[in-house]
Amino acid sequence: MAHAVVAGAGIGGLTAALALARNGWHVTVLEQAASIEPVGAGLAVAPNALRALDMIGLGDEVRKLSAIQGEAGLRRPSGRWLSRTTAEDAAARYGDSIVLLTRSALVGILAARLPRGALRLGTRAESADPRTGLVTLATPAGGTGGTGGTETIQADLVVAADGIRSRTRAALFPGHPEPVYAGVTSWRALVPFPGPVGASETWGAGLVFGVMPLAGGQVYCYATAPVPAGLRAESEKDELIRLFGRWHDPIPGLLAAAEPGAVLRHDIYSLDTPLPALHSGRIALLGDAAHPMTPNLGQGACQAIEDAVVLARHVSPGGGPAPDVTAGLAAYSRERLARTTPIVRRSRLVGRVSGWRDPLAVTLRDGALRAAGMLGPAVAVRQFDDVFRWPA
């Protein structure tokens, strides 16, 4: 049986492991952290990613966690709608609406279905040989992968899902431009909040605040602001209140209800120069390791999920040994570069437009959005046709 080693137990890595195992591969998942329990983040699983999850038998389980109710759309800080739609509008056009859930919930669903013994925590992939598939591991004392030190394992396929600062990407493509700072920092928080809350994203002059209702009486809040990279506040909650505390309801109430220690802050980066390929030899890059993007389209995790099922399809002709894995990876590279490159660029563009601060530019932007919104919800929804209608 062919052996695949997956470096990274995030959403993309776990989905790849499941898709490969489903197609007859023996899989080993390496995760350098001591656990795979992400904190403090929500996640939007769009119709395209739901269809990808259907391919590994998990789409319906994720759909059960949807908490969208009522209208959703873009607003001004005053609360005035710029454009809006409903879950029913999206479902009518794409066959699914967007499912909002915690990142940890999706990771839990994926991890629970890994083959027994596939996951090795506290184990880092130090290097991988693209020609031979030999992977060198490092395991600290006490990790589930061993008692400390290094070892090597042989793989027919190596899947590098090791994130935005991928060591594997840097090794395979030395000299290629690294992800660049997108000019904005972001905050995220899960907030317990009673009562109904609609999904919305509010655009101000350079500032963005998003509200996503989740199951179990939780709301996922996210925000961005244009500042130099590396800045941090003494209290990130207080910083959010300073920036957004006078915006429309329920934003002030959500900020008041947030636990100070639950507010996370990260600068946003994007790979503006696409890689020449998403593979080399027997190694495939996937997710943020392959195409880091800004979160403005909500497609980071969705594209990683797509990557995973497409990769498994191309390297698994009938399961079993995969002598043509390099040919399959070349096909994966072509297909996924054609798919992800325009999405990365479009997400970056939306980020720039939402970050406009000039008063005249903001007025023109909001007027255009409002005019489009007056044409009905279908106009707002169909802007995502090329993203959500996958596979074509």
Side-chain angles (χ1 to χ4, degrees), residues 11-12 14-16 18-19 22-23 42-74 81 83-103 105-110 113 196 198-201 210-215 220 286-287 291 293 295-314 332 335-336 338-344 346-347 350 372-373 375-392:
I11 289 170
L14 292 172
T15 306
L18 292 178
R22 190 179 177 92
N23 285 355
L43 182 70
V45 182
N48 53 304
L50 287 170
R51 282 192 288 278
L53 290 171
D54 284 336
M55 296 177 189
I56 58 172
L58 294 180
D60 286 343
E61 186 167 354
V62 173
R63 289 182 181 92
K64 293 176 184 177
L65 301 179
S66 180
I68 294 183
Q69 297 178 350
E71 294 179 317
L74 286 175
W81 289 98
S83 67
R84 49 186 159 177
T85 185
T86 66
E88 290 75 20
D89 295 323
R93 190 168 188 86
Y94 304 117
D96 272 306
S97 62
I98 296 174
V99 175
L100 307 179
L101 72 166
T102 63
R103 186 174 293 270
L106 181 54
V107 167
I109 289 171
L110 297 170
R113 283 152 186 78
S200 67
E201 187 170 279
V211 176
M212 292 170 44
L214 306 176
Y220 172 52
L286 181 147
H291 41 69
M293 65 184 72
N296 301 93
L297 294 180
Q299 280 290 308
C302 296
Q303 290 305 305
I305 292 169
E306 283 189 21
D307 287 347
V309 298
V310 172
L311 173 64
R313 171 166 53 84
H314 279 302
Y332 162 77
E335 181 173 338
R336 295 309 298 164
R339 168 69 169 162
T340 59
T341 298
I343 292 176
V344 172
R346 181 175 170 186
S347 187
V350 172
L375 298 177
V379 173
V381 172
R382 70 177 178 230
Q383 300 304 311
F384 289 90
D385 280 2
D386 57 341
V387 178
F388 290 172
R389 284 184 168 166
W390 177 92

Quiz item: Taking side chain as C-beta onward, heavy atoms only, is Tyr332 less than 4.5 Å from Leu286?
Solution: yes

Quiz item: Think Arg346 forms a cation-pi with Phe384, using NZ or CZ under 6.0 Å from the six-ring centre and within 45 degrees of its axis?
Solution: yes

Self-check item: CD1-CD distance between Ile343 and Gln303, expressed to the nearest 0.5 angstrom
Solution: 3.5 Å

Exercise. Compare all side-chain heavy atoms of Tyr220 with those of Thr102 and state whether any distance is below 4.5 angstrom.
Key: no

Quiz item: Of the non-hydrogen atoms in Ile305 and Ala49, which two are nearest, and what is the gap between them?
Solution: CG2-O, 4.0 Å

Exercise. First locate atom CG of Asp96, then atom CG of Leu50, and finally report the distance between them rounded to the nearest 0.5 Å.
Key: 5.0 Å

Practice problem: Flag the pair Arg93 / Asp385 as yes when at least one side-chain heavy-atom distance between them is below 4.5 Å, and no otherwise. | Solution: yes

Practice problem: State, yes or no, whether a side-chain contact exists between Leu65 and Val45 at a heavy-atom distance under 4.5 Å. | Solution: no

Exercise. Starting at CG of Leu101, measure out to CG of Leu106 and round the result to the nearest 0.5 Å.
Key: 5.5 Å

Self-check item: Gly12 to Ala308 - nearest heavy-atom pair and separation
Solution: O-CB, 3.9 Å

Quiz item: Given side chains that start at C-beta, do those of Ile11 and Leu43 come closer than 4.5 Å, heavy atoms only?
Solution: yes

Quiz prompt | CG on Leu58 to CZ on Arg22, rounded to 0.5 Å | solution = 8.0 Å

Quiz item: Are the charged groups of Glu306 and Arg336 less than 4.0 angstrom apart, N to O?
Solution: yes

Self-check item: Note, Asp307 side chain near Thr340 side chain (heavy atom, < 4.5 Å)
Solution: yes

Quiz prompt | Ser200 side chain reached by Leu74 side chain, heavy atoms, under 4.5 Å | solution = no

Quiz item: Which pair of non-hydrogen atoms, one from Cys302 and one from Ala44, has the smallest distance, and what is that distance?
Solution: SG-O, 3.4 Å

Self-check item: Basic-acidic side-chain contact under 4.0 Å: Arg63, Asp60
Solution: yes

Practice problem: Please report the shortest heavy-atom distance between Arg51 and Tyr94, naming the atom on each side. | Solution: NH1-O, 3.1 Å

Self-check item: Which atom of Ala199 lies closest to which atom of Trp81, heavy atoms considered
Solution: O-CH2, 4.4 Å

Quiz item: Taking side chain as C-beta onward, heavy atoms only, is Pro391 less than 4.5 Å from Met55?
Solution: yes

Quiz item: Between Ala46 and Gln299, what is the shortest heavy-atom contact and its length?
Solution: CB-NE2, 3.5 Å

Exercise. Can you measure from OG1 (Thr85) to CD (Gln383) and round to the nearest 0.5 angstrom?
Key: 11.5 Å

Exercise. Measure the spacing between CZ of Arg339 and NE2 of His291 and express it to the nearest 0.5 Å.
Key: 10.0 Å

